[in-house]
Amino acid sequence: SILNKNNMTEKNNTLALARSFIKTARGYAEYKRVIGYNEDNYDILDILNQKASLEICNRGPADYYYEKAYDMLCACLGKDHPETRQLVREIISYHVHNVQRMMQENYTIVMVIIVFYLTVNLSTLNFGTRQIVNYLTFCNASLATFWYLEQTIMCFLERRHYQRIYNK
């Protein structure tokens, strides 16, 4: 009886600690979602070379706390418990969002450069105004479609990767 009480108390303490780790991980994940990284650490070349954007996908404190919470929930509740499965969905969503944000920042920077380049060199094109508008519209639509497909594929691959990790 005393052994049973100690076991239940230990299990409750482990669950409380796991839930506190999840809360801490959510705080770090929210910081990464909203701010992403400390912009003061990067100059314009780092941003253009995507070093700043790639940092979003680097492992951080949220990963540590999510993994510890997952291990604790698996030990206490098992892999198939609804709370554990919900945590896995949250972890996968966190990683997919990081990839999506990184790619969107990259696309934004590239788009600014392309628009600047096209604007500066627009006078060299021997088109009428309507043809220039059609040309720019076609270029932007093509790039947006390509980038959307690339982002979708990358997010799909990231989702599959983490599903395989957590469904072992």
Side-chain angles (χ1 to χ4, degrees), residues 6-115 139-168:
N6 286 341
N7 192 17
M8 286 300 288
T9 304
E10 184 178 319
K11 184 176 179 178
N12 289 339
N13 289 341
T14 303
L15 284 174
L17 183 60
R19 290 176 182 135
S20 121
F21 277 7
I22 292 169
K23 186 176 180 181
T24 304
R26 285 179 183 152
Y28 283 113
E30 180 67 14
Y31 172 81
K32 194 176 264 196
R33 186 182 72 77
V34 174
I35 297 171
Y37 46 82
N38 185 359
E39 291 89 356
D40 297 338
N41 294 339
Y42 297 101
D43 60 16
I44 191 69
L45 290 177
D46 289 333
I47 293 171
L48 290 176
N49 290 328
Q50 301 174 12
K51 185 176 179 183
S53 294
L54 288 172
E55 183 182 309
I56 292 173
C57 290
N58 288 346
R59 293 181 53 78
D63 297 292
Y64 171 79
Y65 285 108
Y66 274 136
E67 288 169 6
K68 291 298 180 187
Y70 175 76
D71 291 340
M72 289 178 186
L73 287 180
C74 283
C76 286
L77 304 173
K79 280 184 162 186
D80 294 327
H81 190 273
E83 189 173 350
T84 308
R85 287 187 297 197
Q86 174 58 34
L87 178 61
V88 168
R89 284 191 293 275
E90 186 175 328
I91 293 170
I92 291 171
S93 176
Y94 162 72
H95 286 288
V96 169
H97 182 269
N98 289 344
V99 168
Q100 188 176 26
R101 176 174 177 176
M102 182 265 304
M103 294 187 80
Q104 287 173 348
E105 285 188 0
N106 175 27
Y107 299 156
T108 303
I109 292 169
V110 171
M111 185 58 82
V112 167
I113 293 169
I114 288 173
V115 167
C139 286
N140 286 331
S142 298
L143 288 172
T145 301
F146 170 75
W147 287 339
Y148 175 76
L149 290 173
E150 184 182 23
Q151 178 180 322
T152 302
I153 290 169
M154 290 299 295
C155 290
F156 173 76
L157 292 174
E158 188 77 0
R159 183 179 311 281
R160 289 285 308 254
H161 171 71
Y162 280 98
Q163 283 174 340
R164 286 183 180 155
I165 287 174
Y166 287 106
N167 287 330
K168 287 184 179 178

Enquirer: Return the set of residues passing side chain to side chain contact (heavy atoms under 4.5 Å, CB included) with Val88 (not counting sequence neighbours), or none when no residue passes.
Expert: Tyr70, Ile92, Tyr166
Enquirer: With sequence neighbours left out, what residues match Gln100 under side chain to side chain donor-acceptor pair (under 3.5 Å)?
Expert: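 So Gln100 forms no side chain to side chain donor-acceptor pair (under 3.5 Å) with any residue.
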Enquirer: Can you see which heavy atom on Arg164 is nearest to which on Arg160, and at what distance?
Expert: NH2-NH2, 2.6 Å
Enquirer: For the residue pair Glu150 and Tyr107, what are the closest heavy atoms and their distance?
Expert: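 Scanning both residues completely, I find the closest heavy atoms to be OE1-OH, 3.0 Å.
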Enquirer: Determine the minimum heavy-atom distance between Gly60 and Lys32, stating which atoms define it.
Expert: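 Result for this residue pair: N-NZ, 4.4 Å.
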Enquirer: Answer whether the closest heavy-atom distance between the side chains of His97 and Met102 falls below 4.5 Å.
Expert: no
Enquirer: So which atom in Lys11 and which in Cys76 form the shortest heavy-atom distance, rounded to 0.1 Å?
Expert: CE-O, 3.4 Å
Enquirer: Does any non-hydrogen side-chain atom of Thr14 lie less than 4.5 Å from one of Leu73?
Expert: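 A side-chain contact is absent here, since even the closest heavy-atom pair is not under 4.5 Å.
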Enquirer: Can you find a pair of side-chain heavy atoms, one from His95 and one from Asp63, that are under 4.5 Å apart?
Expert: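 Yes, close enough: below the 4.5 Å cut-off.
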Enquirer: Are the side chain of Ser93 and the backbone N or O of Arg89 linked by a donor-acceptor pair below 3.5 Å?
Expert: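 Not at all, since once roles are kept as given, no pair shorter than 3.5 Å links the two residues.
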Enquirer: Keeping Thr84 on the side-chain end and Gly78 on the backbone end, is there a donor-acceptor pair under 3.5 Å?
Expert: yes
Enquirer: Salt bridge check: are Glu90 and Arg85 linked by an N-O gap of less than 4.0 Å?
Expert: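 No, this pair does not count.
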Enquirer: For the residue pair Tyr65 and Phe21, does the interplanar ring angle fall in the parallel (under 30°), tilted (30 to 60°) or perpendicular (over 60°) class?
Expert: perpendicular
Enquirer: Closest approach of Ala69 and Leu87, non-hydrogen atoms and distance?
Expert: C-CD2, 3.9 Å
Enquirer: Given the rule in the side-chain hydrogen bond (donor to acceptor under 3.5 Å, both in side chains) test, do Arg101 and Gln104 qualify, once you have shown the distances and angles that lead to the verdict?
Expert: CA-CA 5 Å; Arg101 176 174 177 176; Gln104 287 173 348; over 6 Å; no
Enquirer: Under 3.5 Å, side chain of Asp71 to main-chain N/O of Lys68, donor-acceptor pair present?
Expert: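 No, because the side chain of Asp71 does not come within donor-acceptor range (under 3.5 Å) of the backbone of Lys68.
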Enquirer: Under a 4.5 Å cut-off applied to non-hydrogen side-chain atoms, are Val99 and Gln151 in contact?
Expert: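 When only atoms from C-beta onward are counted, Gln151 and Val99 do not touch, as no gap falls below 4.5 Å.
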